[in-house]
2 protein chains.
Amino acid sequence: MTKDYPRPSVTVDLVIFTIATNDLKVLLIRRDVEPFKGHWALPGGFVGIDESLEDAAARELQEEAGVKQVYLEQLFTFGEPNRDPRGRVISVAYFALVDSEQQQVVAGSDAAAAEWYSVFQPPPLAFDHRQILEYAVWRLRNKLEWTTVGYELLPQKFTLSELQRVYEIILQKPVDKRNFRKKILAQGQIKELSEIRTEGAHRPARLYSFKQH
Amino acid sequence: MTKDYPRPSVTVDLVIFTIATNDLKVLLIRRDVEPFKGHWALPGGFVGIDESLEDAAARELQEEAGVKQVYLEQLFTFGEPNRDPRGRVISVAYFALVDSEQQQVVAGSDAAAAEWYSVFQPPPLAFDHRQILEYAVWRLRNKLEWTTVGYELLPQKFTLSELQRVYEIILQKPVDKRNFRKKILAQGQIKELSEIRTEGAHRPARLYSFKQH
DNA sequence: ACAAAAGTGTTGAGAGTACACCCATGC
DNA sequence: GCATGGGTGTACTCTCAACACTTTTGT
């Protein structure tokens, strides 16, 4: 029954976020072929015929960013008929959160030119990737306010000031220190460690870690 | 570049909600062919090769439920390799809200057997449609708490008691009348009409209508 | 007059927000 | 001893939840 219909191609595209140099970054790949040659694009690729969407996204994440076991969530499916000039391509977009330690090891390890760009000043993007990126940022902001997803952008052990910086960078507004700590601790999702981070010429900070995951 | 990959089929499936007989209903189609012959399924169909996903969903909505211009939102994309035994089918699920007046005119107008079922006691469903339905109900509940989407299930003019019933039916719990009215009015999204509904042997109720749409 | 749904305010608890000073360390 | 980031508490506002009686109509 399904044989007679012309079929679209199906891809997954990834919005891979990380925090670096006090900014929210997204991983982009430089296109070296037409169309959009010289523009940047979200990493992505075709979905294997026997591969689930989530598996395809995880595979791309591994191939392009060299990470696995990170936070990954389906974002939206983009399917305008003319979004790709080469033909009908339906893209299932995912977004991923990579912690700031893993990220540094990996950027640029791929053969293709890959770079972390600020999501707030992105270069010209191919296809409808600008729209996908904007939607992903919107979703990330929402999730940050209603869930505890912020921990995914930090290494296992972190200080409360580091976590606060993550919130400030993503929401693009200052956060009150006392209220932030009160709210985060009240959620009961992080535990205080006995360790303390001594670095820099200041008072050492207590380390915390996320309870599950 | 896209030629060599075996391509999946892409469909849209619709979770079409309405309110009737004090219950939240979903439109289901009885399958008269294998697989899942005799089971019920969400209405849906293939996405045309030059048709956007949203257009495909709107078209199915028109064909299966006979309505247009109703609330329609993309839900999630389901793509497990074995969700359809006939082959690889990726389904972009949408959910739609049909007001209780339009619904009555249309149910059963299609040639295929179509029926409104309670979402809380659904019959055996084909494929992964049970999972899609459950996710849609979850999303509807969330939207109801954070947005003003409830109006979409009522005709243009409605009483506050009718709106409250919509909330109670969907959330499956009683709602305090005074708090409900206070909250709804505070949102500033509905306006009081001069009209009054006189029906039944009781005090007539004031009518309201939604401000935009 | 009575049955049935419409309509209406107040109080208390908890969450969120604003706000300023001392602490521990390296140099 | 000073510069730098770490760490702490209180008061106010606003939102949400609980709760009971009067009004208007048809019969």
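Numbers restart at 1 for each chain; the letters A, B, ... are given by sequence-line order, proteins then strands. Computed from a prediction, not measured in an experiment: that's the story for all the values here.
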Q: Sequence neighbours left out, what passes side chain to side chain contact (heavy atoms under 4.5 Å, CB included) with A/Ala56? Give chain and number order.
A: A/Val12, A/Val47, A/Glu51, A/Arg59

Extract from the structure each pairing of a protein N or O with an N or O of nucleotides 25-27 of chain D at less than 3.5 Å, listing the distance.
unit_1 : atom_1 : unit_2   : atom_2 : d
D/dT25 : O2     : B/Ala201 : O      : 3.2

Q | Residues, nucleotides or ligands: over 12 heavy atoms within 6.0 Å of A/Gln156 CD | A | no

Q | A/Glu134 backbone acceptor or donor facing A/Arg130 side chain under 3.5 Å | A | no

Q.
Regarding A/Lys25 and A/Glu115, does a basic nitrogen lie under 4.0 Å from an acidic carboxylate oxygen?
A. no

(Q) Tell me whether the side-chain N/O atoms of A/Ser161 come closer than 4.0 Å to OP1 or OP2 in D/dG5. (A) no

Q: Identify, with sequence neighbours excluded, every residue that meets ring-ring contact (aromatic ring centres under 6.0 Å, His included) alongside A/Phe36.
A: A/His39, A/Phe127

Q.
Listing request: all salt bridge (Lys or Arg N to Asp or Glu O under 4.0 Å) pairs with a residue in residues 173-198 of chain B, at least two apart in sequence or in separate chains.
A. B/Lys157-B/Glu195, B/Glu162-B/Arg197, B/Glu192-B/Arg206

Q: Please name all residues satisfying salt bridge (charged side-chain N to carboxylate O under 4.0 Å, His left out) with B/Glu168, sequence neighbours left out, ordered by chain then number.
A: B/Arg165

Q: Identify the 5'-most and 3'-most nucleotides of DNA chain C with at least one atom closer than 4.0 Å to a non-hydrogen atom of chain B.
A: C/dA4 to C/dT10

(Q) Show me the pairs that pass ring pair (Phe, Tyr, Trp, His ring centres under 6.0 Å) and involve residues 10-33 of chain B, at least two apart or across chains. (A) none

Q. Under a 4.0 Å heavy-atom cut-off, which of residues 174-196 of chain A touch DNA chain C?
A. A/Asp176, A/Arg178, A/Asn179, A/Lys182

Q. Got a sec, which residues hit ring-ring contact (aromatic ring centres under 6.0 Å, His included) with A/Tyr117, two or more places apart in sequence or on another chain?
A. A/Trp40

Q) With sequence neighbours left out, which residue pairs that include part of residues 89-98 of chain A fulfil the salt bridge (Lys or Arg N to Asp or Glu O under 4.0 Å) condition? A) none

Q | Contacts of type ring-ring contact (aromatic ring centres under 6.0 Å, His included), residue A/Tyr208, not counting sequence neighbours | A | none

Q. With respect to A/Thr11, which candidate in A/Ile90, A/Val92, A/Val89 satisfies the side chain to side chain contact (heavy atoms under 4.5 Å, CB included) definition?
A. A/Val89

Q: Give, ordered by number, those residues of residues 163-173 of chain A having at least one heavy-atom distance below 4.0 Å to an atom of DNA chain C; if nothing qualifies, reply none.
A: none

